[in-house]
Number of protein chains: 2
Amino acid sequence: MSTLPADVSGRLREACAVCSLKELCLPRGLNGPDLERLDDLVERQGPFHEGDHLFRVGDRFQALFAVRAGSYKSYTVDSEGREHVLGFHLPGELLGLDAIYPGRHLCNALALDTATVCALPYEQLSDLAGRINGLRSQIMRLMSKDIADNATLAGDFTAEERLAAFLTGLSERFRQRGYSPTEFQLAMSRRDIANYLRLATETVSRVFARFEKDRLITVDRRAVHLLDLPRLRTLCAAMNDRQS
Amino acid sequence: MSTLPADVSGRLREACAVCSLKELCLPRGLNGPDLERLDDLVERQGPFHEGDHLFRVGDRFQALFAVRAGSYKSYTVDSEGREHVLGFHLPGELLGLDAIYPGRHLCNALALDTATVCALPYEQLSDLAGRINGLRSQIMRLMSKDIADNATLAGDFTAEERLAAFLTGLSERFRQRGYSPTEFQLAMSRRDIANYLRLATETVSRVFARFEKDRLITVDRRAVHLLDLPRLRTLCAAMNDRQS
DNA sequence: GCGGCGACTTGATCCAAGTCACTGTCACGC
DNA sequence: GCGTGACAGTGACTTGGATCAAGTCGCCGC
């Protein structure tokens, strides 16, 4: 995932209209004047560095954030001090959707590498969504997707199913963003993966090792190569296949 | 949970304006003319009976549904034929939010008892949401809540934490609806509870028994009496308490 | 190039919850 | 009443993944 120059020169270069994430992000389906109006309220922020927080639990909710470059993890810390990783967020994905209801952030968002975001002040975004049908429906679509994705994750699946689903999910997201779906760098540590999948880090290590032994993948530290995507998909079929 | 008369006489009696769920459901915060416009697009449907499907996986998405009376469970069936219960839905809650993105229903919705719903044709609702700020923000709030709720459920919690959270969650939802927060009837079987919480039905039985022994609750079949709500809340604190 | 530290792997043991098998209980039809 | 079948509870056992305890590897600072 590439990083951006620190300065905000070249307004045009950064505009939604020419952003490579246009079709995944809020501008999807918008054209000319509508796109410009959206562009006007976007505040580009960053670059932030690994370990920087974009927001924290309890912060007043003022804006949604679209990841522009880099990646984020969202997480909470429970009353016993245990961390719970809620998700990883790639460019084009929205952060902060869960904060709309209570008006305060319910989770923390932390940069996993050098990252930039587009801040979308919520009041203004909501007004604009009132006026632009396409924007409103895209916001609803993205929220709907979040609801559906979270529901899938909740099942009682084995360590293998979970990791296979994690890898194929990442693969698909990289593909959509124009990166290789079979070779990529993980932005997150084993500990974060384990926490996200509700496994012990040791279990993640062991399943990675098993997958390598079975010639499904090769892994070298954070570099992953998916050798047999179809078979990986079969492994986690139960997590995604839904029928009547 | 009360049932409604079969006929749809008394349009006024059924109007959003006088609905007891107004403050939980879409009309929240709307007044006079706006409320009437929402009312105009609502199609009251039912009564449906235990075991009836409101929609099924793959059905074209045309409308959101607000539960009016009774209760629903939403579930999927995976490629191996295993059922996965995604949630239980009480009056005032919305069904079908996950279908907006793909335009098709991703889960099945089944009545657990005699139930009625308000159908909200999505195109019209979206148009209206464009024109009424309050409606738009309430839809966003309800979707946001769904995102946050699902995230909480996903953690790696013990059988006790899960069941305690389930019971206190139901308690709170009954309270909001004007029912007793300490004495209620479960609309769902042990099997459904177990499936929802990702436990075996035997485990649910055993934890119910343990809770009874510890004087936290009494259970007789589907009649539950919460004796020590504070202690139940402590049990599942980790599932809900979130801090920086 | 050495020391130290954090990230990861590997192996040995443990335990919460699942599975299996059986029993009890209620509801409904005949 | 008496079967039948769905649902619920209980005990014995099995097991996947957690936990505990050493390692190994790579990297950064000095």
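Lettering of chains follows the sequences in order, A, B, ..., and the numbering in each one begins at 1. Note that the coordinates shown come from a computational prediction; the quantities given were computed from them, not determined experimentally.
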Colleague: Within less than 4.0 Å of OP1 or OP2 of C:dC8, is there a side-chain N or O belonging to A:Arg222?
Modeller: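 The answer is yes; a side-chain N or O of A:Arg222 sits under 4.0 Å from OP1 or OP2.
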Colleague: Return the angle between end axes of the helix from C:dG1-D:dC30 to C:dC30-D:dG1, with five pairs used per end and rounding to 10°.
Modeller: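 Axis angle across the helix from C:dG1-D:dC30 to C:dC30-D:dG1, nearest 10°: 40°.
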Colleague: In whole Å, I'd like the distance from the CZ atom of A:Arg206 to the P atom of C:dT9.
Modeller: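 After rounding, the reported distance stands at 11 Å.
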Colleague: On the 0 to 90° scale, with breaks at 30° and 60°, tag the B:Tyr179-B:Phe174 ring pair as parallel, tilted or perpendicular.
Modeller: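 Geometry flag for B:Phe174 against B:Tyr179: perpendicular rings.
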Colleague: For a quick check of understanding: with a heavy-atom distance under 4.0 Å over all strands, which category does A:Thr158 fall into, base, sugar-phosphate or nothing?
Modeller: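 Sugar-phosphate, no base atom in range.
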Colleague: Using whole Å, report how far CG of B:Leu199 lies from P of C:dT19.
Modeller: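 Taking atom P of C:dT19 as the reference, CG of B:Leu199 is at 11 Å.
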Colleague: How many whole angstroms separate atom CD of B:Glu202 from atom P of D:dA12?
Modeller: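 About 15 Å, once rounded to whole Å.
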Colleague: So what does A:Ala200 hit on the nucleic acid, given a heavy-atom distance under 4.0 Å: a base, only sugar-phosphate, or nothing?
Modeller: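 Here A:Ala200 touches the bases of the nucleic acid.
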Colleague: Starting from P on C:dA16, measure out to CZ on B:Phe157 and report it in whole angstrom.
Modeller: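 The answer, rounded to whole Å, is 17 Å.
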Colleague: Counting only side-chain nitrogens and oxygens, does A:Thr203 get under 4.0 Å of the OP1 or OP2 atom of D:dA18?
Modeller: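 Answer is yes, contact under 4.0 Å.
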Colleague: Measure CE/A:Met188 against P/C:dA7 and give the value in whole Å, please.
Modeller: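 About 15 Å, once rounded to whole Å.
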Colleague: What's the CZ-P distance between B:Arg198 and C:dG18, to the nearest Å?
Modeller: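 Rounded to the whole Å, the gap is 12 Å.
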Colleague: Check whether the side chains of A:Ser74 and A:His89 place a donor and an acceptor atom closer than 3.5 Å, and report yes or no.
Modeller: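 A:Ser74 vs A:His89: donor-acceptor pair found between side chains.
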Colleague: Cationic tip of A:Lys145 within the cone over B:Tyr101's six-membered ring, i.e. under 6.0 Å and within 45° of the normal?
Modeller: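 Flagged: A:Lys145 positioned over aromatic ring of B:Tyr101.
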Colleague: Suppose we screen for ring-ring contact (aromatic ring centres under 6.0 Å, His included). Which residues come up paired with A:Phe157, at least two apart in sequence or across chains?
Modeller: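 ring-ring contact (aromatic ring centres under 6.0 Å, His included) list for A:Phe157, sorted by chain: B:His84.
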Colleague: I need the CZ-C1' distance between A:Arg210 and C:dT9, as an integer number of Å.
Modeller: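 Answer to the nearest Å: 14 Å.
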Colleague: Just checking B:Ser205: base, sugar-phosphate only, or nothing, at a heavy-atom cut-off of under 4.0 Å?
Modeller: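 Base, at least one base atom sits under 4.0 Å.
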Colleague: Return the 5'-most residue of the pair A:Ala159, B:Arg190 with respect to DNA chain D, ranking by each residue's nearest nucleotide.
Modeller: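 It is B:Arg190 whose nearest nucleotide is closer to the 5' end.
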Colleague: Measure the acute angle between the ring planes of B:Phe61 and B:His105, then classify it against the limits of 30° and 60° as parallel, tilted or perpendicular.
Modeller: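 Judged by the thresholds at 30° and 60°, the geometry between B:Phe61 and B:His105 is perpendicular.
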Colleague: With side chain to side chain contact (heavy atoms under 4.5 Å, CB included) as the criterion, how do A:Met188 and A:Ser71 come out once you've worked through the C-alpha distance, each side chain's angles and the decisive distance to 0.1 Å?
Modeller: CA-CA 9 Å; A:Met188 67 297 286; A:Ser71 43; over 6 Å; no
Colleague: Below the 4.0 Å mark, does C:dA7 have OP1 or OP2 next to a side-chain nitrogen or oxygen of A:Arg221?
Modeller: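 Negative; the distance criterion is not met.
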Colleague: Tell me the interatomic distance from B:Leu163, atom CG, to C:dA17, atom C1', rounded to whole angstroms.
Modeller: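 About 14 Å, once rounded to whole Å.
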Colleague: Give the C-alpha distance, both sets of side-chain angles, the deciding distance and a yes or no for salt bridge (Lys or Arg N to Asp or Glu O under 4.0 Å) between B:Glu23 and B:Arg177.
Modeller: CA-CA 10 Å; B:Glu23 286 308 306; B:Arg177 283 156 185 80; over 6 Å; no
